[in-house]
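Structure, as structure tokens:
In this text, all values refer to a predicted model and were calculated from it rather than measured experimentally. Only this structure's heavy atoms are used, side chains among them; waters, hydrogens and symmetry mates stay out.
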Amino acid sequence: MNESVDRRSAKRHYKESHRPMGVFQVRNTVNGKVFIDSSPNLPAIFNRIRMQLKTGSYLKHPELQKDWNEHGSDAFEFEVLEELEPSDAPGWDSADDLAALLEIICEQRQPYGDAGYNR
């Protein structure tokens, strides 16, 4: 009985806990190109992208997948560029703030063409 209560409590705590969200980049240390994006769950997106790249199934940016295949995982760094703190405002949705933050950072860093994998 106690194990069931503890499990339920742990599950509720996990669902209510704050996961780091923000803007991140995947940087190719060989050619300096970067891919910049945002996520409401940074640890999860890092895991997802790594797994997709490792299995050759990262279809969102074929050039990034090609470079990963060519240079290997050791040639890439996953970095948080800016973390977004959650708001206590009623009805707050992180999506709008993440999109605005991503736009600002992409405007500053210009991860396009020879400098990056973004389109």
side-chain hydrogen bond (donor to acceptor under 3.5 Å, both in side chains) involving T55 - partner list, sequence neighbours excluded: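 side-chain hydrogen bond (donor to acceptor under 3.5 Å, both in side chains) list for T55, sorted by chain: S57.
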Determine whether K66 and E70 make a side-chain contact, defined as any pair of heavy atoms from C-beta on separated by less than 4.5 Å.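 Counting from C-beta outward, K66 and E70 do come under 4.5 Å.
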Quick one: are N118 and C106 in side-chain contact, heavy atoms under 4.5 Å?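 They are in contact (side-chain heavy atoms under 4.5 Å apart), so the answer is yes.
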According to the salt bridge (Lys or Arg N to Asp or Glu O under 4.0 Å) rule, which pairs have a member within [range], sequence neighbours left out?
range	answer
residues 90-105	none
residues 20-35	R27-E77, R27-E79, K33-E63
residues 34-60	D37-K60
residues 105-119	none

Could you see if [X] belongs to whatever hydrophobic cluster contains [Y]? Use Ile, Leu, Val, Met, Phe, Trp, Tyr and a side-chain cutoff under 4.5 Å.
X	Y	result
F78	I105	no
I45	I36	no
V26	L42	yes

Connected-component partners of L59 among ILVMFWY, side-chain separation under 4.5 Å: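 Same cluster as L59: nobody, lone residue.
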Enumerate the ring pair (Phe, Tyr, Trp, His ring centres under 6.0 Å) contacts for residues 83-106, please, sequence neighbours excluded, ordered by first and then second residue.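 The answer is none; no pair qualifies.
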Among pairs that include at least one residue of residues 94-119, which meet ring pair (Phe, Tyr, Trp, His ring centres under 6.0 Å), considering only residues two or more places apart or in two chains?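 Passing the test, one end in residues 94-119: no pairs.
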Contacts of E82 that satisfy salt bridge (Lys or Arg N to Asp or Glu O under 4.0 Å) - sequence neighbours left out: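 So E82 forms no salt bridge (Lys or Arg N to Asp or Glu O under 4.0 Å) with any residue.
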With M21 as reference, evaluate S38, S39, P86 under the side chain to side chain contact (heavy atoms under 4.5 Å, CB included) test and give the passing residue.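 Per the side chain to side chain contact (heavy atoms under 4.5 Å, CB included) rule, the option paired with M21 is P86, out of S38, S39, P86.
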Residue pair V34, N28: steps toward the side-chain contact (heavy atoms from CB on, under 4.5 Å) verdict: CA-CA 6 Å; V34 296; N28 182 331; over 6 Å; no
I'd like to check the ring pair (Phe, Tyr, Trp, His ring centres under 6.0 Å) partners of F24; sequence neighbours left out, ordered by chain and number.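 Residues passing ring pair (Phe, Tyr, Trp, His ring centres under 6.0 Å) with F24: F46.
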Once ring pair (Phe, Tyr, Trp, His ring centres under 6.0 Å) is applied, do any residues pair with F76, and if so which ones, sequence neighbours excluded?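 Ring pair (Phe, Tyr, Trp, His ring centres under 6.0 Å) list for F76, sorted by chain: W68.
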Kindly determine whether Y58 and F35 satisfy side-chain contact (heavy atoms from CB on, under 4.5 Å), including the steps that lead there. CA-CA 13 Å; Y58 191 71; F35 166 61; 3.4 Å; yes
Nearest non-hydrogen partners of V30 and A75, listed with the distance: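 Here V30 and A75 meet closest at CG2-CB, 3.7 Å.
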Residues that P40 engages under side chain to side chain contact (heavy atoms under 4.5 Å, CB included), provided they are two or more places apart: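 With neighbours one apart ignored, the set is S94, L98.
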